[in-house]
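What's counted below: heavy atoms across the whole structure, side chains too, no hydrogens, waters or symmetry copies. Just so it is clear: chains get the letters A, B, ... in the order the sequence lines come, proteins before strands, and each one is counted from 1.
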There are 2 protein chains.
Amino acid sequence: MQHQKLATIEDVAALAGVSIATVSRAINEPTKVADETRRKVTEAIARTGYTTNAMARSLRMRRSNMILILAPDVGDPNFSNILVGLETEASKRGYGVLIGNTQNDPARETDYLRFISSNQADGLILFTGHLPYGFGQDGTEGRLPPMVAVNEPVPNAEVPFVGVDNFEGARIATEHLISQGHRRIAFVGRSSAREVNRLREEGYRRALAGAGIAIDPRMIIDGDGTTESGRAAAELMFVRDALPTAFFCVNDATALGVIISLNARHYDLPRQFSIMGFDDISFSSFVTPSLTTMKQPRHRIGEAAMELLLALLAGEKPREQQVLLRAELIVRNSVTRVG
Amino acid sequence: MQHQKLATIEDVAALAGVSIATVSRAINEPTKVADETRRKVTEAIARTGYTTNAMARSLRMRRSNMILILAPDVGDPNFSNILVGLETEASKRGYGVLIGNTQNDPARETDYLRFISSNQADGLILFTGHLPYGFGQDGTEGRLPPMVAVNEPVPNAEVPFVGVDNFEGARIATEHLISQGHRRIAFVGRSSAREVNRLREEGYRRALAGAGIAIDPRMIIDGDGTTESGRAAAELMFVRDALPTAFFCVNDATALGVIISLNARHYDLPRQFSIMGFDDISFSSFVTPSLTTMKQPRHRIGEAAMELLLALLAGEKPREQQVLLRAELIVRNSVTRVG
DNA sequence: TGTGATGATGTAAAGGTTTTCATGATTGAT
DNA sequence: ATCAATCATGAAAACCTTTACATCATCACA
């Protein structure tokens, strides 16, 4: 390009009057070179404006110091906040992050593997909940790079997972509703296909059982986690004519749907119904009534995941197969005392 | 690492019984090699599972096929949706995207330059609104890589800009309010420091002027674009006792603040006040009343920016210094007819 | 048949590092 | 004074490509 030719290690060596090997050592293992020599090299580097060519370095070292992040939807706000944590930690350790938006398209997933197989990335962070399509096929078998799953665990695979403790979080959320006097508590968002939903339902059940409250199957409504599914679920409850005093929703998006439905029916919230969410996404504090919810420590999840991946990369064995971080109860206005 | 040794071009050449030069050509300029030879090479590649080593390739070609994206806040939802467009277009053209979260920290900005100076990235997308701190200093002067600014133009620099047409969008928004019978229209979010705010205010003024409505300086309120600033602005109007019938807010976050303030004062929206936003961020459709706003074509902005950068990279001269995309009026419930 | 052009392939250099191994110098111990 | 150990440095190989240049065969045309 228009780049004028950059200084190479040879230019530095010439200017400092030493060999390129010495320059390399002065940069990477400063203790192994004499003080005086190091001084000369340092000065020569400053004078030439030398920066080491990452490509040559990666070629030689067989590692790129890059991490590939594979996510089904980069636009998802839940993703982007974790990304901040991932990026922060990576950058701190001298790694760069490469991002791949798969849209759940197998072709794109496969396509991104070239970054791995061509040595452009040393490790992999998976938001997809499954191994990239194309792994474990033909010759690539067994050449899986170090990787860590975030957000969504990878079933049937030895991939360490970092995420929020959904079971425990859901239990705490439900217990909060119980502590406010609620006995008829709906769970909105049952889905056997989604591990996250399953775990949150488990936590809900555990809390009810712990309080000696019998579980009413009519209080458990299917849902896929979208706002629309929350709206539909609330409507369904009116049809069934089995009304709770509180809705525990599998996530904030679902809770929003429930609120929209109840507002449309002109109920006075939270006086007539309490709503509890999970995730604490950005608009949860702005909706009316503002949403009481469980906050995911997204930044820390990102940091922890990257930390784990870099440890793996350094050859350490993971001590645990999963790292679960605690969700935090955020009390706002959508839950109120009853009875 | 645990990676077993990968096949190199030499393995392929040996298996196909040709030289490595021929293999390289078969891959990169297939027409330049005989049909029969190409067939043999293709088969050998399949058999060995060969993928070309990107590092060696980049080293030799002096280009990495990577784009660095520098953003002050990767968690910002406005950013992440543009990112999807950037990524889509890049990926389609065989480029990868590297992301750098600067948090407006000069040290981090400088740090990310190593990706450029070490040849790890060929071009730069800037969300920061200014050249990275450290550019144009000392020796690096004049070694600016191809770059494109997005979201926020870079003042006093020859950096092509891709973004929404703020002036025109604000004009359309204000005209919409006028078409609904509004005459007393406030502008919330004046800021001389922010180019975006300045342009939107310009559009607002033009629309009023076009309709022959005199501008009342009490109707123009300062604000930095945050939700809190919107709330404060609305409160200020009550103090001043100079009330409009409609608020045109510099962005949706500000509009949200205005809505929160009006709701808290128990006004019936939109009957008593109309509110118009700008941006169409995710929760705008969920707030009550749902927000009438101007939608930024974020995906297309991303695509257009990447397209432009890749053209620059290919040596083309940009035809225009800026590419402005039209915002689209999204009519929801927060604006109603008056008078 | 001879000549020049065209086409397919191979040889080798270049790209910029890191690192092994060798070399000499210096130090410390005997 | 001798020998071994340590230390600082340099020469050169290796990492894996792409590509300029050379070679050789083939073909068309005179």
Side-chain angles (χ1 to χ4, degrees), chain A residues 1 3-42 44-45 48-66 94 114-115 117-120 122, chain B residues 1 3-42 44-45 48-65 94 114-120 122:
Chain A
M1 297 290 87
H3 293 215
Q4 70 213 45
K5 212 163 162 237
L6 297 167
T8 80
I9 200 173
E10 243 167 311
D11 301 328
V12 176
L15 189 59
V18 298
S19 78
I20 62 170
T22 300
V23 174
S24 176
R25 275 188 291 255
I27 294 170
N28 302 306
E29 311 153 297
T31 64
K32 297 212 169 174
V33 20
D35 290 1
E36 170 61 9
T37 318
R38 187 168 50 238
R39 203 193 48 68
K40 282 189 302 190
V41 170
T42 313
I45 288 178
T48 53
Y50 169 77
T51 19
T52 111
N53 180 311
M55 294 312 162
R57 177 172 224 271
S58 295
L59 173 59
R60 173 61 219 227
M61 313 248 313
R62 288 199 168 93
R63 71 172 16 225
S64 57
N65 278 29
M66 288 281 168
R114 79 191 143 92
F115 285 111
S117 57
S118 73
N119 270 325
Q120 252 174 128
D122 302 333
Chain B
M1 299 288 90
H3 293 216
Q4 67 212 44
K5 211 163 162 237
L6 296 168
T8 80
I9 201 174
E10 238 165 319
D11 302 326
V12 176
L15 189 58
V18 298
S19 77
I20 61 169
T22 300
V23 174
S24 177
R25 276 187 292 254
I27 294 171
N28 302 307
E29 309 154 296
T31 63
K32 296 210 169 175
V33 17
D35 289 1
E36 170 60 9
T37 318
R38 188 169 51 236
R39 202 192 51 68
K40 282 189 301 191
V41 170
T42 312
I45 288 177
T48 53
Y50 169 77
T51 21
T52 109
N53 181 311
M55 296 311 163
R57 177 171 224 272
S58 296
L59 173 58
R60 173 61 220 234
M61 313 238 329
R62 287 201 168 93
R63 75 179 3 232
S64 58
N65 277 32
R114 78 189 143 92
F115 285 111
I116 298 294
S117 57
S118 73
N119 270 325
Q120 252 173 129
D122 302 332

Can you tell me the distance, in whole Å, between the [atom1] atom of [X] and the [atom2] atom of [N]?
X	N	atom1	atom2	value
L6(A)	dG15(C)	CG	P	13 Å
I9(B)	dC15(D)	CD1	C1'	14 Å
R63(B)	dT18(D)	CZ	P	14 Å
N119(A)	dT17(C)	CG	C1'	15 Å
N65(B)	dT17(D)	CG	C1'	14 Å
N53(B)	dT17(D)	CG	P	5 Å
E10(A)	dA12(D)	CD	C1'	12 Å
L59(A)	dC16(D)	CG	C1'	5 Å

R62(B) vs dG16(C): side-chain N/O to OP1/OP2 distance below 4.0 Å: yes
Side chain proximity check, [X] to [Y], heavy atoms < 4.5 angstrom:
X	Y	value
I45(B)	I27(B)	yes
S24(B)	I9(B)	yes
Q120(B)	N65(A)	no

Listed nucleotide nearest any side-chain atom of A56(B), set dA8(C), dT9(D), dG15(C):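 In terms of side-chain proximity for A56(B), the closest of dA8(C), dT9(D), dG15(C) is dG15(C).
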Nearest-0.5 Å distance, CG of residue N53(A) to CZ of residue R60(A):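 Atom-to-atom, N53(A):CG and R60(A):CZ are 14.5 Å apart.
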Interatomic spacing from CG in N119(B) to OG in S58(A) - rounded to 0.5 Å: 11.0 Å
Any donor-acceptor N/O pair, R38(A) side chain to V33(A) backbone, under 3.5 Å: yes
DNA chain D-proximal residues of residues 19-34 of chain A, any heavy atom under 4.0 Å: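 Close to the strand are S19(A), A21(A), T22(A), R25(A), V33(A), A34(A).
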Heavy-atom donor-acceptor pair, R60(A) side-chain to dT17(C) base, under 3.5 Å: no
For S118(B) against T52(A), the heavy-atom pair lying closest together: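 Between these two residues, the closest heavy atoms are CB-O, 3.3 Å.
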Sugar-phosphate only, base, or nothing, as touched by S58(A) at under 4.0 Å among non-hydrogen atoms: nothing
